[in-house]
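Read the structure below first, then the notes.
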Amino acid sequence: MIDVYSWATPNGHKVHIMLEECGLPYRVHPINIGAGDQFRPEFLKISPNNKIPAIVDDKGPDGQPISLFESGAILLYLAAKTGKFLPRTDRQKFEVLQWLMFQMGGVGPMLGQTHHFRIYAPEKIEYAVNRYTNETKRLYGVMDKQLATHRYIAGAAYTIADIAIFPWLRSWQNQGIDWADYPHLKKWFDEISVRPAVMRGVQVLADLRKPLVDDKAREMMFGATQYQKR
């Protein structure tokens with residue numbers, strides 16, 4: 001049994017989807033990031049960067065429990081554990097890994113900043129909104145071009161690269177995106193969105209997440225609390 005410490009965010013959904021796709025048994029422990037659960041000492045023991053998701057697998061590689069944080073690392077671990085969604089040949093494996101890193105270094109951070117400055121920032125800073133919205137559109141363009149000649153992000157097969165990227169595009173409206181500009185990406189998005197495991201994965205903890213409207217939650221996520229030394 002794998003214990004999953006998570007919340008209904010794109011990074012959380014990556015792992016929820018992967019677990020559903022792999023058919024692994026798991027227990028979900030909600031970490032309400034608006035309430036500050038991510039700063040609790042017991043969570044920091046398994047996620048020292050105080051970010052979700054994190055997992056504890058009671059049957060690790062050597063038969064002993066292992067805890068992991070960082071969603072990309074968790075996807076790689078689950079792929080290795082199950083032998084699914086990551087090719088075994090070096091050429092194909094590294095083709096997938098480069099797109100996984102593209103998500104971790106580009107899509108996630110940049111779209112996250114786009115959400116922040118377009119939706120959550122207490123004041124609208126035109127320079128920041130334009131900078132991150134334009135970068136988001138550039139990244140969408142990179143993916144659209146790739147998918148013009150490939151069925152999936154990394155080639156002919158559905159992999160952890162698709163699983164990592166998909167949740168970040170679900171908020172396309174908040175990112176200032178017009179799907180008409182990215183027809184190949186839209187076709188891919190629609191195909192992924194109706195996979196049964198994906199549909200189940202994005203519902204995990206979704207009923208607990210509420211709109212970010214109160215000042216305490218905003219402070220927990222964006223204020224001084226997150227910068228305290230622990």
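Positions are given from 1 along the sequence.
A donor atom on one side chain and an acceptor atom on the other are not found under 3.5 Å apart for Gln38 and Tyr5. In the model, Asn134 has no side-chain atom that pairs as donor or acceptor with a side-chain atom of Lys137 under 3.5 Å.
The cationic atom of Arg195 (NZ for Lys, CZ for Arg) lies less than 6.0 Å from the six-membered ring centre of Tyr158 and within 45° of the ring axis.
Linking ILVMFWY residues whenever their side-chain heavy atoms come closer than 4.5 Å, directly or via other members, leaves Leu44 and Ile52 in distinct clusters. Linking Ile, Leu, Val, Met, Phe, Trp and Tyr whenever their side-chain heavy atoms come within less than 4.5 Å leaves Met199 and Trp172 in two separate clusters.
Looking at every heavy atom in both residues, Asp181 comes nearest to Asp144 through O-OD2, 4.3 Å. The two residues Leu86 and Ala79 come nearest to each other via the heavy atoms CB-CB, 3.8 Å. Between Pro87 and Thr159, the shortest heavy-atom distance links the atoms CD-CG2, 4.4 Å. Between Trp99 and Ile165, the closest heavy-atom pair is O-CD1, 4.3 Å.
The shortest side-chain heavy-atom distance between Val107 and Met143 falls under the 4.5 Å cut-off.
Under 4.0 Å is where a charged nitrogen must lie from a carboxylate oxygen, and between Glu135 and Arg138 at least one such pair does. Of the charged side-chain nitrogens involved, at least one lies within less than 4.0 Å of a carboxylate oxygen, so that Asp37 and Arg40 count as a salt-bridged pair.
With sequence neighbours left out, Phe69 forms a ring-ring contact (aromatic ring centres under 6.0 Å, His included) with no residue at all.
Arg118 contributes a side-chain N or O that, together with a main-chain N or O of Asn174, makes up a donor-acceptor pair within less than 3.5 Å.
Checked against a 6.0 Å centroid threshold, the rings of Phe189 and Trp179 count as neighbours.
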**OP:** Would you sort out whether Val4 and Val204 count as a side chain to side chain contact (heavy atoms under 4.5 Å, CB included), showing the intermediate values?
**Re:** CA-CA 11 Å; Val4 185; Val204 174; over 6 Å; no
